[in-house]
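Side-chain atoms are counted along with the backbone in the values below, which use heavy atoms only and exclude waters and symmetry mates.
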Amino acid sequence: VSKPLYLCKKSPRPLCASIDKNIYNYLGEIYSIQGEYQQAIQYHLKGLQYNKTYGNNLGLAWANNDLGKAYYIYGDIQTAQNYLEESVRLFESSTDKLSKAFPLMEMSYVFQYMGNVERTIALLKESFFLLRKKGAENEMFAVLNNLGRLYQSQGFLNAAEIIFDFCLSRLEKKSSVKHYLGWVHNNLARNYLYLNEYNNAIKHFNMALNIFEEVQEKRGSIYILNNIGETYAKQGKYDDALNLLINSCCQKEKIGDKHAICYSYREIGELYLKLEQTETAYSYINKAFEFCRIGNFGMLEGDILTSLGNYYLAILSLKDSYDSYSKALQNYKEQHFYSRSLACTKKINTIIQEYNCSDKEYLDESGIYTKLESEQSILIKELQELLNNISK
């Protein structure tokens, strides 16, 4: 049941609260927190019209920002991009130019969903430095956390951990920004998950879940259920994993988070492969592929193609498996996802070796690993300089 504004424990974007945001904007944010994005969009549209009527350009900038955020979560990334670009334009022509940091931060998700990593990183960095000028420290650390999550996706786990630990040290004592802290714990937990340190992963996932439940961040709570399910799957706890993954997916379907639904379908498909229920697995993986295509979720495409390759390998359709892995590898290379590229390259080489594919050439694994290590070394030096500068 939706709670009225005065009963919501989390105050929406306290830094930005001003006369430039009206009751429609606030109600839209409340509905977003509760995961009711259709209602959120309707209220943000009312806020947009209200600001147009009274000629409030700063209010229009915030309304466009909020609409962009709601639309990309709802899976319409093109409409989201249009609103966010308009928000940036309005802030640039206003007396509050630095606040364009907020739509730039939200737009980074749009480009991340599309699989444009270079543009995503550029937007996050631009947003970070604008927030620093503005003195918006809490939001600055939220952007830094998002940057760490992206580096994590590329395989730079050591660099990502440095960021997450730094953000935790700055945010953990600030009760007013617990929702940001929840996402940091979630991202740190995923780092442990990738390192196969499952106890630490579960510990931080549970810390994130407690925070999200306290501040009534529904989307965050749903994501954590999925992530704990992933962890159980890696531990071989398949029944517990399946219950959590399906529960999380159903809740994602209710709130309409299409990118997250796409992610869940693939995870469930992978789990059914482990359970040797190949046709059920294929149905979920295929649904994920359809969502990915319709939503233009390029970031997820490589993982879905890898899962498709796993399915074809399970039924010994070697050519289809090889082709799927090859397409996944191309997607990973375009996004500079080094650890995924390495894993996919190993799968291709295994097919060539185990099934005597004399017409195929082995791919270079050591070159990818060397590239990952060298780029991470450079990145860590840059991060340490930046974080030391912030700490002064």
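- With sequence neighbours excluded, no residue forms a ring pair (Phe, Tyr, Trp, His ring centres under 6.0 Å) with Tyr325.
- With rounding to the nearest 0.5 angstrom, the NZ atom of Lys287 is 11.5 Å from the CD1 atom of Ile285.
- Once rounded to the nearest 0.5 Å, the distance linking CG of Asp257 with SG of Cys262 reads 10.5 Å.
- With sequence neighbours left out, Phe166 forms a ring pair (Phe, Tyr, Trp, His ring centres under 6.0 Å) with Phe141.
- Distance CZ/Arg149 to CG/Asn186: 7.5 Å, rounded to 0.5 Å.
- Between the side chain of Asn65 and the backbone N or O of Ala61, no donor-acceptor pair lies under 3.5 Å.
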Inset, instruction - Begin with the C-alpha distance, continue with both residues' side-chain angles, and end with the deciding distance and a verdict on side chain to side chain donor-acceptor pair (under 3.5 Å) for Asn356 and Ser358. - result: CA-CA 6 Å; Asn356 298 316; Ser358 57; over 6 Å; no
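- Other residues, nucleotides and ligands contribute more than 12 heavy atoms inside 6.0 Å of the CD atom of Gln277.
- Sorted by first and then second residue, the ring pair (Phe, Tyr, Trp, His ring centres under 6.0 Å) pairs with a member in residues 329-377 read Phe156-Tyr338; sequence neighbours excluded.
- Judged purely by atom type and a 3.5 angstrom limit, Ser377 has no side-chain atom pairing as donor or acceptor with the backbone of Glu373.
- In this structure, SG on Cys167 lies 11.0 Å from CD on Glu172, to the nearest 0.5 angstrom.
- Evaluation of the ring pair (Phe, Tyr, Trp, His ring centres under 6.0 Å) test over residues 182-211, restricted to residues two or more places apart or in two chains, returns Trp183-Phe212, Trp183-Tyr223, His185-His204, Tyr192-His204.
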Inset, instruction - Using the side chain to side chain donor-acceptor pair (under 3.5 Å) rule, take Tyr311 and Glu279 through it: C-alpha gap first, then chi angles, then the decisive distance, then the call. - result: CA-CA 9 Å; Tyr311 162 75; Glu279 293 314 305; 3.2 Å; yes
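- The main-chain N or O of Asn187 is found under 3.5 Å from a side-chain atom of Gln152 such that the two form a donor-acceptor pair.
- In this structure, Thr350 contributes its side chain and Lys346 its backbone to a donor-acceptor pair below 3.5 Å.
- Salt bridge status for Lys134 with Asp96: present, with a side-chain N to carboxylate O gap under 4.0 Å.
- Closest non-hydrogen pair, Ser321 versus Leu313, comes out as OG-CB, 3.6 Å.
- Identified under the ring pair (Phe, Tyr, Trp, His ring centres under 6.0 Å) test for residues 65-94, with sequence neighbours left out: Trp62-Phe91, Tyr71-Tyr83, Tyr72-Tyr109, Tyr72-Tyr113.
- Taking both residues in full, the closest heavy atoms of Ser87 and Asn64 are given as CB-CB, 3.7 Å, listed atom of the first, atom of the second, then distance.
- The closest donor-acceptor contact from the side chain of Ser326 to the backbone of Tyr322 lies under 3.5 Å.
- Crowding of Asn196 atom CG: a count of heavy atoms from other residues, nucleotides or ligands under 6.0 Å exceeding 12.
- Heavy-atom neighbours of Phe289 CZ from other residues, nucleotides or ligands within 6.0 Å: at or below the threshold of 12.
- The CD1 atom of Ile294 sits 10.0 Å away from atom SG of Cys292, with the distance rounded to the nearest 0.5 Å.
- Under a hydrophobic-cluster definition in which Ile, Leu, Val, Met, Phe, Trp and Tyr are linked whenever side-chain heavy atoms come within less than 4.5 Å, directly or via other members, Ile163 and Met105 are assigned to the same cluster.
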Let me check something: any side-chain donor-acceptor pairs from residues 267-276 under 3.5 Å, sequence neighbours excluded? List them with distances.
{"from": "Glu270", "atom 1": "OE2", "to": "Ser307", "atom 2": "OG", "distance (Å)": "2.7"}
{"from": "Glu270", "atom 1": "OE2", "to": "Asn310", "atom 2": "ND2", "distance (Å)": "2.8"}

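- The backbone N or O of Thr120 sits nowhere less than 3.5 Å from a side-chain atom of Ser108 that would complete a donor-acceptor pair.
- In terms of modelled atom types and a separation under 3.5 Å, the side chain of Ser391 and the main chain of Leu387 share a donor-acceptor contact.
- More than 12 heavy atoms of other residues, nucleotides or ligands lie within 6.0 Å of NZ in Lys97, so this atom counts as buried by the packing criterion.
- Taking each heavy atom of Leu245 and Glu230 in turn, the nearest pair found is CD2-N, 4.1 Å.
- With salt bridges taken as basic N to acidic carboxylate O contacts below 4.0 Å, none links Glu92 and Arg89.
- For the pair Gln376 (side chain) and Leu157 (backbone), a donor-acceptor distance under 3.5 Å is present.
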Inset, instruction - Check the pair Glu86 / Asn82 against side chain to side chain donor-acceptor pair (under 3.5 Å), numbers first and verdict last. - result: CA-CA 6 Å; Glu86 177 65 5; Asn82 293 340; over 6 Å; no
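- No donor-acceptor pair under 3.5 Å is formed between the side chain of Asn389 and the backbone N or O of Glu385.
- Ion pair Lys327/Asp323 not flagged as a salt bridge, since none of the NZ, NE, NH1 or NH2 atoms sits closer than 4.0 Å to an Asp/Glu carboxylate oxygen.
- Counting only distance, with no hydrogens or angles, the side chain of Arg340 and the backbone of Ser153 share a donor-acceptor pair below 3.5 Å.
- Hydrophobic clustering (ILVMFWY, side-chain heavy atoms < 4.5 Å, transitive): Phe128 and Leu168 are in one cluster.
- With a 6.0 Å radius and a threshold of 12 heavy atoms from other residues, nucleotides or ligands, Asn199 has its CG atom at or below the threshold.
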Inset, instruction - Starting from the C-alpha separation in whole Å, work towards a yes-or-no answer on side chain to side chain donor-acceptor pair (under 3.5 Å) for Gln335 and Asn331. - result: CA-CA 7 Å; Gln335 298 186 80; Asn331 175 272; 2.8 Å; yes
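- Put simply, CD1 on Ile255 and CD1 on Ile261 are 7.5 Å apart, with the number rounded to the nearest 0.5 Å.
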